[in-house]
Amino acid sequence: MEDKISDRKFHNMARFLAPPSNRREKASHRSTGVTKSLHGLPGPPVLPPISRASDKRFLTNTEEYMKSEMEKLSAAGQLDAEQQYIICGQAFDKVIDYCTDYKHILTVIKQEYDEFIDATKQGEINAIHVHAKLKRLASEPTTLMYYRKRAAELEDRIDIVNKDSSRIKSELQKLLDEKRVKTPPIEEARTPQSEINPAAPIPGMTIEDSLDMAALIKFQQLLEEKKCALKADMKTKYVPIQKKQDLDVKLSIAVQERENADLINRRLLDSYRKKRVIANTISSWARSDKSLSLYETLAQTVAKENEITDEVPSTNVFEDLDPRKTQEAEALLEYVERFNELFVNGQYKAAAVYAAHSPRGILRNMETMERFRAVVVGKDSCSPLMMFFEALMESSSLAKHPVNAALTLEAITCALNYDKMELVVHWVTQQRITFSEALGDVIWDYGEREPYHKVTCLALAQLIYRKCSSLRKAALCMCLQGQIQGALDYTYQSKRFLLDDYLFLLKKCPTAELINGLTQEWNGKPAALSVGQAVLSLLCTDHKEYGFQLLESIYQCGEAALEQVILNDVVCTPEGWVEIAEECSNDDYRELSEKIKSIVISQDGVVEILSKDEDAKMMEHVYM
């Protein structure tokens, strides 16, 4: 009966995943009762309709989820092929989790499609790079021509500026000479300073306040505070003018050194070009019929090269000499200066957007985040740090500039501190972040602190743990959500799930369903834990009652069942079963304890170890 239900569920799932055209075609054939093949011959019967309410409800929820997500992204103007692929992939994952019987087949199919799509994306990226490279190579002659033309224009402009500078300098010197003649010396023109009149009113105070001692003391304290503030500003906000002069001297020295290095570099490039031409000429002459002598061939080549005076090295040899790199550096510097200007003026939202869309991600780093964190605003004002994270997430995607792990952790923590759970859900489900185990731990801890959001936090943490291959924590999230069967299937299918992981899962979520699943065979695979091993691990925790209940359920099936479990347990030693029996006795499971002891003692080579009192009684006859 279960096989028929499972087959019907799989056919319904296949019908749901089929293209709309196929579904319309099948719907048209349903009226006749017989499907036809491509050649017009009768085909197999159509798929049966979905009869189970749970299947219909699941398909309806899945379709509504896809529709709602696409409408949200479309309203935000972010719906593209990549986002549609992510939404469909999430829907496919839900279908895979729902169809437990065909989970392995559907998972393999999804993996193949993912690999094909990744290969297609990589091919497009490579094609774009190749196209850009070809375009750059094709534009090199034109660029070189414009550079030469621009250099000539700048030289003309420099000549004009030099002439104007000389003229203005001469005129300024004439004006200074005329002024020096007309103006008397500074010592003679200086007038003695007038003494301060102590009877005059104090600036900034009324006559009544100037006669009040309390007001005078308060005004004096205010002046002292201003004086201290000015002294602090002199140390932090201002520097002596001598420092600017020193920097100007250092800058002029650096510019001079750069010009000298550039001159040496040009000489070396010219030398390299000549040597390369001679080497190529010798190689060509060695491969030729040698009708001309080597000396004549070299003479002709040198004569041709002398005619070309403006020859420059090829860009594929000296890529560092590309002027576009200097222009790019200048553009980045201007971008950073614009960001600093917005930040200093208090336009934090605009500065956040500017930093999020920075070229090459130069402002998408921890240093920029710390600047926004240091800003202090009122309680009613929006946090600049939150503005930065929102702009950062909106500008990121899975293929273009995803937010790194450190910034992702800070962004999620900041959003949770402001109780913006909807933002966290959006960021995680749209895969705009870098997944890490620490990120899952932060969301897990928030769910523990806020019971209202615990279910949502467990679902998000499960997604994150699975993405970053934290198997044990992903399985624990599934168990805490009540998905015991899904967690067992996930653990048994994973080849990296070890014994410690099973024990961790058992101690953190000890439920009867999980214990039975771990101590029994699963789809033909041996049990992950033996009964004795599971009970011993539970005895070390506060959930030992679940271990006693497991033994009680086995004992209720008959003494033979308990005996078979103990005898077939090759992992738990007889000493371990004796320890289990003693714990049963301590917790008022005396009948179960005695039965376990009798079964253990009945094994070959097992001897009951008596207590000290019983040993003393047995040895009394020796000393009497």
Side-chain angles (χ1 to χ4, degrees), residues 69 71-80 82-83 86 331-436 438-447 449-450 452-453 456-457 460-461 463-464:
E69 290 295 326
E71 288 178 353
K72 290 179 183 179
L73 294 175
S74 179
Q78 300 177 355
L79 184 62
D80 53 7
E82 182 180 354
Q83 295 296 334
I86 293 173
L332 293 176
L333 184 60
E334 292 178 0
Y335 198 95
V336 173
E337 290 177 352
R338 175 58 179 165
F339 165 77
N340 292 331
E341 180 181 351
L342 294 173
F343 192 87
V344 171
N345 293 334
Q347 302 178 16
Y348 299 118
K349 188 173 183 179
V353 175
Y354 219 69
H357 294 83
S358 60
R360 295 186 178 273
I362 57 173
L363 296 176
R364 299 163 59 93
N365 49 38
M366 299 294 291
E367 290 77 10
T368 306
M369 182 204 69
E370 292 297 337
R371 292 188 64 180
F372 281 96
R373 189 198 299 275
V375 178
V376 179
V377 294
K379 294 182 179 180
D380 299 333
S381 303
C382 184
S383 171
L385 182 61
M386 199 66 221
M387 294 179 185
F388 171 69
F389 285 134
E390 289 182 3
L392 193 65
M393 294 298 178
E394 290 298 327
S395 65
S396 65
S397 63
L398 185 62
K400 299 178 180 179
H401 307 297
V403 182
N404 59 40
L407 281 176
T408 297
L409 187 61
E410 293 289 343
I412 296 296
T413 304
C414 180
L416 293 178
N417 290 336
Y418 286 97
D419 295 328
K420 294 183 178 295
M421 193 64 197
E422 66 282 356
L423 275 179
V424 176
V425 173
H426 180 68
W427 294 345
V428 174
T429 54
Q430 297 302 318
Q431 300 185 14
R432 299 177 180 272
I433 58 179
T434 300
F435 297 104
S436 63
L439 178 63
D441 295 339
V442 169
I443 296 178
W444 175 292
D445 295 338
Y446 182 79
R449 296 193 306 269
E450 301 291 339
Y452 180 76
H453 297 293
T456 305
C457 290
L460 294 178
L463 173 63
I464 294 170

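Since the model is a prediction, treat every value here as computed from it, not as a measurement.
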Rounded distance (nearest 0.5 Å) linking atom [atom1] of [X] with atom [atom2] of [Y]:
X      : Y      : atom1 : atom2 : answer
Ser358 : Asn365 : OG    : CG    : 8.0 Å
Leu333 : Glu337 : CG    : CD    : 4.5 Å
Asp445 : Glu450 : CG    : CD    : 12.0 Å
Tyr348 : Arg371 : OH    : CZ    : 10.0 Å
Glu69  : Thr429 : CD    : OG1   : 5.5 Å
Thr413 : Ile443 : OG1   : CD1   : 9.0 Å

Backbone N/O of Leu363 and side chain of Thr368: donor-acceptor pair under 3.5 Å:
yes
For the side chain of Ser74 and the backbone of Glu71, is there at least one donor-acceptor N/O pair under 3.5 Å apart?
no
Ile412 and Phe389: side-chain contact (heavy atoms from CB on, under 4.5 Å), yes or no, with the steps?
CA-CA 9 Å; Ile412 296 296; Phe389 285 134; over 6 Å; no
Does Arg364 form a side-chain contact (heavy atoms from CB on, under 4.5 Å) with Ser395? I'd like the steps, not just the answer.
CA-CA 10 Å; Arg364 299 163 59 93; Ser395 65; 2.9 Å; yes
Is Leu385 close to Val375 at the side-chain level, that is, under 4.5 Å between some pair of heavy atoms?
no
Would you say that Thr408 contacts Phe435 through its side chain, given a criterion of any heavy-atom pair below 4.5 Å between the two side chains?
no
Side chain to side chain donor-acceptor pair (under 3.5 Å) involving Asp441 - partner list, sequence neighbours excluded:
Tyr465, Lys473
Aromatic rings Phe388 and Phe372: how do their planes relate, parallel, tilted or perpendicular, breaks at 30° and 60°?
parallel
Taking only residues at least two apart or on different chains, which pairs with a member in residues 407-425 satisfy salt bridge (Lys or Arg N to Asp or Glu O under 4.0 Å)?
Arg373-Glu410
Given Asn417 and Met386, is the side-chain contact (heavy atoms from CB on, under 4.5 Å) satisfied, shown in steps?
CA-CA 10 Å; Asn417 290 336; Met386 199 66 221; over 6 Å; no
So which heavy atom on [X] is nearest to which on [Y], and how close?
X      : Y      : result
Ala461 : Gly440 : CB-O, 4.0 Å
Ala415 : Trp427 : CB-CZ3, 4.0 Å
Asn404 : Thr434 : CA-OG1, 3.6 Å

Does Met421 form a side-chain contact (heavy atoms from CB on, under 4.5 Å) with Leu460? I'd like the steps, not just the answer.
CA-CA 11 Å; Met421 193 64 197; Leu460 294 178; 3.6 Å; yes
